[in-house]
Amino acid sequence: AIKNETAPAAWTYSNIEHMKTQLKQLGLGVDWNREIATCKPEYYKWEQWLFTELFKKGLIYKKTATVNWDPVDGTVLANEQVIDGRGWRSGALVEKRDIPQYFMKITAYAEELLTDLDKLDGWPEQVKTMQRNWIGKSFGCEVEFPILGLSDKLQVGNLKVYTTRPDTLMGATYVAVAAEHALATLAAHNNPQLAEFIAECKRGSVAEADVATAEKKGMDTGLFVTHPLNGEQLPVWVANYVLASYGEGAVMAVPAHDERDFEFANKYNLPIKAVIKNTGTDVLPMTEHGVLFNSSQFDGLNFEESTDAISSALSVKNLGKKRTQFRLRDWGVSRQRYWGCPIPIIHCATCGEVPVPAEQLPVVLPEDVVMDGVGSPIKKDPSFYETTCPTCNGKATRETDTLDTFFESSWYFARYASFDADKMCDERANYWLPVDQYVGGIEHAILHLLYARFFNKLMRDVGLIKNDEPFTNLLTQGMVLKDGSKMSKSKGNTVDPQALIDTYGADTARLFMMFAAPPEQSLEWADSGVEGAHRFLKRLWKATFDHVELGVTTAYTHGELSTELKLLRRQLHQTIAKVADDYGRRHSFNTAISSVMELMNALAKIETTDAVSRAIRQEVLENVALLLSPIVPHICQALWAELKPNSTILDAAWPEANKAAMVQDEVEYVVQVNGKLRGNMTVAKSMEKSAIEALAVTQPFVQKHLEGVSVKKIIVVPNKLVNIVAA
RNA sequence: GCCGGGAUGGCGGAAUUGGUAGACGCACCGGACUCAAAAUCCGGCGGUUGUGAGAUCGUGGGGGUUCGAUUCCCCCUCCCGGCACCA
């Protein structure tokens, strides 16, 4: 909006109009009565209502979290907008700020989000795997290390870590904490050098990819902890590879059996103690499971046994226990940007955080604003944020943060189902939901699809809908790439289909796109090939009109057929069967189209115009129009009206393959010698396996390759292939 | 780094359950039609070799299982998506 010198609302509405025009020009069948815009108060009113309900239930809470602050633009930046530590527009060095923000307790649903994946038979396995890994349920132990030498007055308690490898506990040689950890803060109190190191860590990126690939750095805190089982004193380090947001923000380091600890220990000359061996390699770091040694009373135990024994030993000392842990974190939904749904909270000096009462919703975002590029307009607008407390009627201020846009996209499908309801959604949602077929880019495999599943469960639990999961079947489209990377609004490398529609018409544009690649595969966008799609439609058009010009006829039903016509009719019905399977089961539109092209190529070779030939031609053309109608509807309707005057293709039934027409009395066998193709033979369908073997061996092209060798074995794959093994 | 995918002719892709690699289309080459061009129609089109029939190699690289591997297993390379504030 800043770049285009317009208000975000005007910009958004004009984009919606542009996109709608294109969708209409492509001839898509959309019920525009149900159109919604998530930036309109009629829509976001309901998610504000849900927010207040969840807030009251304790499923939304506030805590401080770190954001990227651009001191020049006076705004918070998304991770994507920080490039090499600098703001993408201003180029200013980005600072970190800890500010209070609202979080959704998605972790309260972690177990259900995980187990319900098993119900989603209509989802691709890869998406379910990604979600399982993201939720990341792991089984391990929490282990406590008493801290040495700190005054009891500080009351920091023990240093707690979480580990999935309790079997390696006896090999722990140091512990490491994240820069954000309380113990790091404490140790830095009288240690300026450490304080500077911690500050440096905090300046770094918060993105996990950056943390994981950064050079490992650390600093000794000078503090020691006691190993809970062997009583050894272990040094406490601050390390940049420890994630503050996972587990306890602290790890026990076992360099002998962990890659990252190993690298770190080598760099800082920390001791490395091997305690696990298996039958494979003993080169360190050895990260596989094995049998314990160097572990006193636990020697000789395997992974499961040692996990039980060590967790028991910890329990006895009250210094640890078994625990399951999720990688999933709560979802931070506060955004400090203007363009979004206002968070419906009022801050009152007396009553604290008060959710806006339902009768006062929606909290409307003013659309008539000037974007000066510095900060959010509503944060500077007293007419927006000055209000009275709904509880005590005293002076109060509105929350000026807005919601993450994922909030909007997490439930729109439920609103489509009851688009004009005077609540978030009504009984009609239960009629329509779950969505039969959801289609979306693979880039949404985790975040959007997990949030939508989460929202579905939240809406179920406030009594709005009944289903447990929002989407029965999921088709994940591959990315459309341009110049090697994802085509997207934020990259600004999108291609407008308008030029194709203008030059060739909607049907050619549709056929070309559907023919280019299967939908689940990523595709580098290129226009080459659009000519071919256009040519095919012209050929189809001409074939139909050439046929109709000779007079109206009816499709073949019975009567004697020449071999040529019989073969064509068999191909027709095989094509009908294949297209139905490609559309319905495989979502493989490109192969459906190519099989119709093959059929049309075969039809073009038939030149006879007697009554039976014309009846077969009529049958082929009618069916081709029907099969292609979902992809090129306009042309197919026009052709249908020629083939069957006074009728419309929308009233016609979807074709069914005729089994009798597909019967074959002869089959072609591929004949191989030692797996190498040597020729083909045509065999009566009824021929016995032994006769097929005998016939194959006598073929001249087989005999040639059997000179000087003898047949060891013959493999017959029914209706396909014979392989003669000879040596 | 971790998680999930992918790699097949000059190009997009096909081969659905381990069974003819390259369907269909693009581009290109040759021919027909034309004064000429466009359009259209016909034919060719993975590499090497051979006059030819054919032979042989070939699905990112290396190994393995199998009568038979683009397909299954192990190792590796490169590319794409995601990594919690792009959505």
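Quick caveat, the model's predicted, so the values are computed rather than measured. Each chain gets a letter, A, B and so on, in the order its sequence line appears, and its residues count up from 1.
- Using a 4.0 Å heavy-atom distance criterion, A/G478 is classed as making no nucleic acid contact.
- A donor N or O paired with an acceptor N or O is not found under 3.5 Å between the base of B/rC3 and the side-chain atoms of A/N133.
- Between A/K720 and B/rG19, a side-chain N or O to OP1/OP2 separation shorter than 4.0 Å is absent.
- Rounded to an integer number of Å, the gap from A/D258 CG to B/rC2 P is 11 Å.
- Nucleotide B/rC72: paired with B/rG64 (Watson-Crick or G-U wobble, both distances less than 3.5 Å).
- At a threshold of 4.0 angstrom between heavy atoms, the contacts of A/S334 include nucleobase atoms, whether or not backbone atoms are also involved.
- Between A/N590 and B/rC24, a side-chain N or O to OP1/OP2 separation shorter than 4.0 Å is absent.
- Nucleotides B/rC24 and B/rC35 place their C1' atoms 37 Å apart, quoted to the nearest Å.
- B/rU77 and B/rA7 make up a base pair, with Watson-Crick or G-U wobble contacts both under 3.5 Å.
- Of all the heavy atoms in A/L511 and A/A533, the pair that sits closest is CD2-O, 3.6 Å.
- In this structure, A/D581 reaches the bases: a heavy-atom distance under 4.0 Å links it to at least one base atom across the strands shown.
- Comparing the P positions of B/rA38 and B/rG31 gives an interatomic distance of 13 Å, to the nearest angstrom.
- Looking only at distances, a side-chain donor or acceptor of A/N266 sits under 3.5 Å from a matching main-chain atom of A/F262.
- Between the P atom of B/rU40 and the NZ atom of A/K542 lies a distance of 11 Å, rounded to the nearest Å.
- With B/rC24, B/rC85, B/rC26 as the candidates, the nucleotide lying closest to the side chain of A/R337 is B/rC85.
- Residue A/A209 is classed as a base contact, given a heavy-atom separation below 4.0 Å to a base.
- Rounded to whole Å, atom P of B/rA84 lies 9 Å from atom CZ of A/R327.
- Nearest-nucleotide assignment on RNA chain B puts the 5′-proximal partner with A/L523, out of A/L523 and A/R535.
- A/R335 has its CZ atom 11 Å from the C1' atom of B/rA87, to the nearest Å.
- Side-chain to base pairing of A/K676 with B/rU20: no donor and acceptor N or O lie closer than 3.5 Å to each other.
- Distance noted for atom C1' between B/rG4 and B/rC11: 28 Å (whole Å).
- Nucleic acid contact for A/E215: none, since no nucleic acid atom lies under 4.0 Å from a heavy atom of the residue.
- Of the C1' atoms belonging to B/rU8 and B/rA23, the separation is 13 Å, rounded to the nearest Å.
- The main-chain N or O of A/K62 is never found under 3.5 Å from a side-chain atom of A/Q101 such that the two would form a donor-acceptor pair.
- Shown here, B/rC24 forms a base pair with B/rG12; the pair counts as Watson-Crick or G-U wobble because both key distances fall under 3.5 Å.
- Between B/rG60 and B/rU77, the distance separating the two C1' atoms is 8 Å to the nearest Å.
- Taking the C1' atom of each, B/rA39 and B/rU48 are spaced 38 Å apart, rounded to whole Å.
- In this structure, A/R678 does not reach the B/rA53 phosphate: none of its side-chain N or O atoms is under 4.0 Å from OP1 or OP2.
- B/rG44 adopts an anti glycosidic conformation, its chi angle falling more than 90° from 0.
- Nearest-nucleotide positions on RNA chain B place A/V206 closer to the 5' end than the other of A/H444 and A/V206.
- Using modelled atom types and a 3.5 Å distance limit, the side chains of A/Q325 and A/Y246 yield no donor-acceptor pair.
- Across all strands, A/V127 comes closer than 4.0 Å to no nucleic acid atom at all (heavy-atom distances).
- In this structure, the side chain of A/N4 does not engage the main chain of A/W11 through any donor-acceptor pair within 3.5 Å.
- Comparing B/rU16, B/rA84, B/rC85 by their closest approach to the side chain of A/V67 singles out B/rC85.
- For B/rC83, the paired nucleotide is B/rG1, the pair qualifying as Watson-Crick or G-U wobble because both relevant distances are below 3.5 Å.
- Within the 4.0 angstrom heavy-atom criterion, only backbone atoms of the sugar-phosphate kind lie near A/T591; the bases stay farther away.
- Partner assigned to B/rA55 is B/rU48, using Watson-Crick or G-U wobble distances below 3.5 angstrom.
- A donor-acceptor pair under 3.5 Å is formed between the side chain of A/D404 and the backbone N or O of A/F406.
- Rounded to an integer number of Å, the gap from A/F406 CZ to B/rC83 P is 8 Å.
- If you check every strand for non-hydrogen atoms under 4.0 Å, A/I593 touches nothing.
- Ring centers of A/W331 and A/Y451: under 6.0 Å apart, within the cut-off.
- Counting non-hydrogen atoms under 4.0 angstrom, A/Q126 reaches the backbone sugars and phosphates but no base.
- For B/rA27 and B/rA21, the P atoms lie 29 Å apart once the distance is rounded to whole Å.
- The C1' atoms of B/rU20 and B/rU71 are separated by 15 Å, rounded to the nearest whole Å.
- Going from atom CG of A/D527 over to atom P of B/rC11 covers 18 Å, rounded to whole Å.
- For a distance-only test at 3.5 Å, the side chain of A/Q672 fails to qualify as a donor-acceptor partner of the base of B/rC67.
- Shown here, B/rA32 forms a base pair with B/rU40; the pair counts as Watson-Crick or G-U wobble because both key distances fall under 3.5 Å.
- Residue contacts shown for A/K605 are absent, as no nucleic acid heavy atom lies under 4.0 Å away.
- At distances below 3.5 Å, not a single donor-acceptor pair connects side-chain atoms of A/N68 with backbone N or O atoms of A/E95.
- For the pair A/N723 CG and B/rG19 P, the computed distance is 13 Å after rounding to whole Å.
- No donor-acceptor contact under 3.5 Å links the side chain of A/Q521 to the base of B/rC80.
- For A/S588 and A/D582, the side-chain atoms include no donor-acceptor pair closer than 3.5 Å.
- The one candidate from A/F51, A/Y61, A/F407 that meets the ring-ring contact (aromatic ring centres under 6.0 Å, His included) condition with A/Y102 is A/F51.
- Here B/rU16 is the nucleotide among B/rG13, B/rU16, B/rG82 with the atom lying nearest to any side-chain atom of A/D582.
- The base of B/rU16 sits with one of its N or O atoms less than 3.5 Å from a complementary donor or acceptor on the side chain of A/R585.
- Within the 4.0 angstrom heavy-atom criterion, only backbone atoms of the sugar-phosphate kind lie near A/H705; the bases stay farther away.
- Among the atoms of the strands shown, none is found under 4.0 Å from any heavy atom of A/E524.
- Whole-Å rounding puts the A/W134 CH2 to B/rG5 P distance at 16 Å.
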